[in-house]
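Values reported hereafter were calculated over all heavy atoms of this structure, with side chains retained and with hydrogens, waters and symmetry mates removed. So that the names make sense, note that chain A is the first sequence line, chain B the second, and so on, each numbered from 1.
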2 protein chains.
Amino acid sequence: MSTRPAHAQPTRELLLDSLETLLLSGGSSAATLEAVASTAGVSKGGLLYHFGSKEALYQGFLDRMVVRSRAEAAQILDAPQGVVAAYLDASSVADDPSTRTVLAALRLAGVPEVDVEAALAESFSFWYETIARRIDDPVLARMVQLVGDGFYLHALIGSGSDHDTAVVERVVSLVADWQRDAS
Amino acid sequence: MSTRPAHAQPTRELLLDSLETLLLSGGSSAATLEAVASTAGVSKGGLLYHFGSKEALYQGFLDRMVVRSRAEAAQILDAPQGVVAAYLDASSVADDPSTRTVLAALRLAGVPEVDVEAALAESFSFWYETIARRIDDPVLARMVQLVGDGFYLHALIGSGSDHDTAVVERVVSLVADWQRDAS
DNA sequence: GTCTATAATCGGATAGAC
DNA sequence: GTCTATCCGATTATAGAC
């Protein structure tokens, strides 16, 4: 019988949230065990009870990202604006929760402890499959994905453009034109 | 009067090349002063003569990237295939020299010592200006850039697609159609 | 489940010889 | 310009109390 209120997050999740925040603000070098623990309000020893090593902590973060990406992709499939607009909107807004997680993972790219690239590739593949389910032409679907991924990269370096919302509209109408011509 | 043969690289450049290689293979945590120095064939002390600190080393790398990007953008402006094909080809091939440098810099994103994001934003702006000089519609120009940046991101995580060459062709013809309609 | 204390290692940087 | 030797701080991880 737990005494934790239903609304409070378990420490394990709090620790992963702290890792995400630290990765976004200071990169992988800022994500020390001590910093992650104290941001979550526990001691280093407390963290190491939940994740036995830095590698386990990182892997836990990546696993959660993949699970969430799969769920996010499923949601987007039935978005009222359509998959294209939904995907591009999410990827161009840096404080979208799922975008935050991806950006944090990107800042982890290259660390020796875990295979960040594989986890990100898996997440991206969910989104491609989702897009491709609504756009029959695989080349066009890939192009849409690449535009969204371009947004991710620009969010990573914090450089948006005034034309970005117009780009989203243009791509949406491009896809709509194609759907019309194909029928 | 130097005794160095004309073809040998100065140690300073060798050190920056070593940093690039290490960033690509192991991320920022692998790019220790010791590792960079020994890859370049010198000692840690030897490195610190040329770059007085880790911060100076990183900044030297970013400065070189910005200089090279400006030169690369100028070259692409007069490429025989046209700017669009040239930009997309370069960004989709992970072992292109200038792409390697950008990917290495992306793996440095978030480190506290230097402003990687600003340097990358400057490089990307050169390319946008170059693309925009050949495509009058700024929204279309930005879309082309975003597709290329999507390639960069996928190169970062090592996940290409079979459709990528077809995407390049499609975007090129998309731009050609627009140029025709506008005239 | 969480804490403190401590061991062991590593990375950045200085000093000074050659 | 390059080297070795050394210092110092930071970081991961363990041990064991509560």
Side-chain angles (χ1 to χ4, degrees), chain A residues 1-23 25-62 107-108 110-114 116, chain B residues 1-23 25-62 104 107-108 110-116:
Chain A
M1 199 85 146
S2 170
T3 55
R4 193 191 340 273
H7 63 275
Q9 292 202 52
T11 302
R12 197 189 145 88
E13 295 301 305
L14 262 177
L15 287 164
L16 295 179
D17 291 344
S18 302
L19 173 60
E20 181 173 294
T21 299
L22 285 164
L23 284 173
S25 63
S28 63
S29 58
T32 65
L33 297 185
E34 163 65 29
V36 171
S38 79
T39 300
V42 298
S43 68
K44 205 191 304 191
L47 182 157
L48 285 165
Y49 169 79
H50 294 281
F51 299 98
S53 67
K54 192 170 198 182
E55 176 180 337
L57 175 68
Y58 285 173
Q59 192 59 54
F61 177 73
L62 295 179
R107 294 204 147 180
L108 209 53
V111 298
E113 291 90 354
V114 287
V116 184
Chain B
M1 198 84 146
S2 171
T3 55
R4 196 190 338 274
H7 62 275
Q9 292 202 52
T11 301
R12 198 188 145 88
E13 296 301 305
L14 262 177
L15 286 164
L16 295 179
D17 291 343
S18 301
L19 172 60
E20 181 173 294
T21 300
L22 285 164
L23 285 173
S25 63
S28 63
S29 58
T32 65
L33 296 186
E34 163 66 28
V36 172
S38 79
T39 300
V42 297
S43 68
K44 208 193 297 193
L47 183 156
L48 286 163
Y49 168 79
H50 294 281
F51 300 97
S53 68
K54 190 170 198 179
E55 177 181 336
L57 174 67
Y58 285 173
Q59 193 58 55
F61 177 72
L62 294 179
R107 294 207 147 178
L108 210 54
V111 298
E113 290 90 352
V114 287
D115 193 346
V116 185

Report the nucleotide, chosen from D:dA13, D:dT2, D:dT11, that has the shortest atom-to-atom distance to any side-chain atom of A:S53.
D:dA13
Using a 4.5 Å cut-off on heavy atoms from C-beta on, say whether the side chain of B:S28 contacts that of A:S28.
yes
Whole-Å distance separating the CD atom of B:E113 from the P atom of C:dA13
8 Å
Rounded to the nearest Å, what distance is computed from the CG atom of residue B:L15 to the P atom of nucleotide D:dG1?
12 Å
Please report, rounded to the nearest Å, how far the C1' atom of D:dA13 is from the CG atom of A:L57.
14 Å
How long is the gap from OG on B:S18 to CD on B:E13, to the nearest 0.5 Å?
11.0 Å
Distance in Å, B:L15 CG paired with B:H50 NE2, rounded so as to fall on 0.5 Å steps:
6.0 Å
Roughly how many Å is it from CG in A:L48 to P in D:dA15, rounded to a whole number?
12 Å
Rounded to whole Å, how long is the line connecting atom CG of B:L19 with atom C1' of C:dG11?
15 Å
Any chance you could measure A:L57, atom CG, to A:L19, atom CG, to the nearest 0.5 Å?
5.0 Å
I'd like to compare against my own output: the B/S/- annotation of nucleotides 3-9 of chain C with a strict under-4.0 Å heavy-atom distance to protein.
BB-----
Does the side chain of A:L23 reach to within under 4.5 Å of the side chain of A:F61, using non-hydrogen atoms?
yes
Calculate the interatomic distance between A:L14 atom CG and C:dG1 atom P; express it in whole Å.
14 Å
Under-4.0 Å side-chain N/O to phosphate OP1/OP2 contact, B:T11 with D:dT2
yes
Applying a 4.0 Å non-hydrogen cut-off, can you work out what B:L33 is touching in the nucleic acid: base, sugar-phosphate, or nothing?
sugar-phosphate
Measure the shortest side-chain to side-chain distance between B:F51 and B:L16 over non-hydrogen atoms and say whether it is less than 4.5 angstrom.
yes
Gap between atoms NZ and P, on B:K54 and C:dC10 respectively (whole Å):
15 Å
With rounding to the nearest 0.5 Å, note down the distance linking CZ in A:R12 to CG in A:D17.
12.0 Å
Calculate the interatomic distance between A:Y49 atom OH and C:dG1 atom P; express it in whole Å.
4 Å
